[in-house]
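Only this structure's heavy atoms are used, side chains among them; waters, hydrogens and symmetry mates stay out. Atoms within each ligand, like the ligands themselves, are counted from 1 in listed order. In this text the structure is predicted, and so the values were computed from the model without any measurement.
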Amino acid sequence: MVKYQIPRLSYGYDELEPFIDAQTMEIHHQKHHQSYVDGLNNTLEEISGSFHPQYITSILSDSQSIPENFRNKINFFGGGFENHRLFWEIMNPQGGGNPGGKLADSIDVYFDNFENFKKLFSAASLSIEGSGWCWLVFNQTFNRTEIITTKNQDSPWTLNKIPLLGLDLWEHAYYLKYQNRRNEYVSSWWNVVNWDYVGNRFSELSE
Ligand code: MN
């Protein structure tokens with residue numbers, strides 16, 4: 001099988017300054033993300049290989065295909081790998097502003113307007129106890145966007161929901177710069193959200 005690797009970032013560690021500091025970015029990408037990658041590769045190696053050809057999102061979506069005693073590890077390391085892979089993509093130095101197109105329409109339908117969406121997403125982010133993620137997901141069953149939170153590295157894929165936008169609320173994502181001020185981290189993060197990427201992701205899914 002091909003081993004998972006940490007992805008290359010399309011921007012430098014210091015390019016999300018002042019909203020996310022360079023040291024946090026470097027440690028988060030090179031150390032934390034690497035540890036999920038290593039854990040995922042090791043776990044897949046321990047499980048003998050019938051479903052290895054599937055990409056991790058397919059594995060996460062079908063936990064029955066994993067031997068029961070490996071499910072926690074796959075959720076943690078596989079979720080950690082994929083959550084962070086998306087997290088780097090949905091940020092950009094030229095980010096911020098508003099979504100456009102079909103995503104903006106969906107946000108208006110289900111959250112009244114973009115400002116209200118931001119308020120709800122931020123409140124959900126601050127409500128997480130311990131470590132976790134806040135997400136804007138696409139719920140295929142009901143053909144709608146939703147805000148959800150997950151614990152630890154649990155992935156929306158395990159709930160059969162497709163993550164569009166994710167915010168890492170583990171302390172390792174913000175503590176060096178913001179310490180306990182999670183609310184400042186969340187409000188700063190909107191300035192680096194890559195709405196073009198998130199909007200394209202949504203358009204591809206909802207066609
Ligand atoms: Mn993280």
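- Between Trp189 and Phe121, the ring center distance clears the sub-6.0 Å criterion.
- Below the 2.8 Å limit, the Mn ion (ligand 1) has as protein N, O or S neighbours His28 NE2, His84 NE2, Asp168 OD2, His172 NE2.
- Between the CE atom in Met91 and the CG atom in Asp168 there is a gap of 8.5 Å [rounded to 0.5 Å].
- To the nearest 0.5 angstrom, His33 atom NE2 is 9.5 Å from Leu9 atom CG.
- Ring-centre distance between His28 and His172: below the 6.0 Å cut-off.
- With sequence neighbours left out, Asn160 forms a side-chain contact (heavy atoms from CB on, under 4.5 Å) with Ser61.
- Checked by atom type, the side-chain pair Trp133/Thr149 shows no donor-acceptor distance below 3.5 Å.
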